[in-house]
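See below for the structure under consideration.
In what follows, chains carry the letters A, B, and so on, assigned in the order in which the sequence lines appear, proteins first and then strands, with residues in each chain numbered from 1. Keep in mind it's a predicted model, so treat the numbers as computed, not measured.
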Amino acid sequence: GESVGLHLPTLSVQEGDNSIINCAYSNSASDYFIWYKQESGKGPQFIIDIRSNMDKRQGQRVTVLLNKTVKHLSLQIAATQPGDSAVYFCAENQAFNQGGKLIFGQGTELSVKP
Amino acid sequence: DAEITQSPRHKITETGRQVTLACHQTWNHNNMFWYRQDLGHGLRLIHYSYGVQDTNKGEVSDGYSVSRSNTEDLPLTLESAASSQTSVYFCASSPGGFEETQYFGPGTRLLVL
């Protein structure tokens, strides 16, 4: 079946550096993508989303890039802080065909070194 | 503030017992979802609901059931708990329609002995 996956299971960065977390999706019909952050012992927390009619969207210190040609999604975190340490999940959705169901990737663990 | 809550946060039960996990949201969201999270498997969808009296099976629904009698609640029942159902369970909700973002509860950690 089609699925969402991540290139790197773990990522270690120095505090203050920029982080890039990657995600590959296989379903070309997916038209909505979300990044979630999950801290230890907590539920996934919404970070940012993007629809397929966009290729870039910016939030506070975060940017999501979407490359539909190669079916690739990335999350960029600027000036990474220790509080950014968490597992990051990408999720995809086919809004009108899947009725709001999300397909989640396996997650990337981000570790920020002080 | 509107929120989504789960109870209990931690539960220990024995094999064969019936267990019900509660999920309550105050956003008036139409859609509600139950996931389990296990190492190596990420988040897997158990059951979901698009509104009152509507329930649907997800990819790992065997051994689980849900009911939706009102907008706010979607309890998850393990009919006869098995050790393979030891996991962390997350409830989520979304407004429905064009708004597909799901908002998650804090999770319930279940141990089946």
Practice task
Spell out the residues in residues 105-113 of chain B that have some non-hydrogen atom less than 4.5 Å away from a non-hydrogen atom of chain A, in order of number; otherwise answer 'none'.
Solution key: B:Gly105, B:Pro106
Handout entry: B:Gln102 vs B:Tyr48, side-chain hydrogen bond (donor to acceptor under 3.5 Å, both in side chains): CA-CA, chis, key distance, verdict
Key = CA-CA 12 Å; B:Gln102 293 182 18; B:Tyr48 58 101; over 6 Å; no
Problem - Exercise: identify the closest heavy-atom pair between B:Ser80 and B:Gly16 - result: OG-CA, 3.3 Å
Handout entry: Members of residues 36-44 of chain A whose heavy atoms come closer than 4.5 Å to chain B
Key = A:Tyr36, A:Gln38, A:Gly41, A:Lys42, A:Gly43, A:Pro44
Completion exercise
For residues 44-71 of chain B, the salt bridge (Lys or Arg N to Asp or Glu O under 4.0 Å) pairs (sequence neighbours left out) are B:Asp38-B:Arg44
Handout entry: Passing candidate, side-chain hydrogen bond (donor to acceptor under 3.5 Å, both in side chains) with B:His24, options B:Thr5, B:Asn70, B:Asp73
Key = B:Asp73
Exercise for the section: Answer yes or no: is there a donor N or O on one side and an acceptor on the other, between the side chain of B:Ser49 and the main chain of B:Met32, under 3.5 Å? Expected result: no
Handout entry: CA sep, side-chain torsions, deciding dist, call: B:Thr20, B:Thr77, side-chain hydrogen bond (donor to acceptor under 3.5 Å, both in side chains)
Key = CA-CA 4 Å; B:Thr20 297; B:Thr77 298; 3.1 Å; yes
Exercise for the section: Could you tell me the separation between the CD1 atom of A:Ile47 and the CG atom of A:Leu75, rounded to the nearest 0.5 Å? Expected result: 5.5 Å
Exercise for the section: Quick one: which residue pairs count as a disulfide bond (SG atoms under 2.5 Å apart) with a foot in residues 59-97 of chain B, not counting sequence neighbours? Expected result: B:Cys23-B:Cys91
Exercise for the section: Would you please indicate if the ring centroids of B:Trp34 and B:Tyr64 are separated by under 6.0 Å? Expected result: no
Exercise for the section: Would you indicate whether the side-chain heavy atoms of A:Ile20 and A:Asn18 approach each other to under 4.5 Å? Expected result: no
Fill in the blank from the handout: Whatever's closer than 4.5 Å to a heavy atom in chain A on B:Leu45 counts as side chain
Exercise for the section: Against chain A, label B:Gln6 side chain, backbone, both or neither, depending on which of its atoms sit under 4.5 Å from a heavy atom there. Expected result: neither
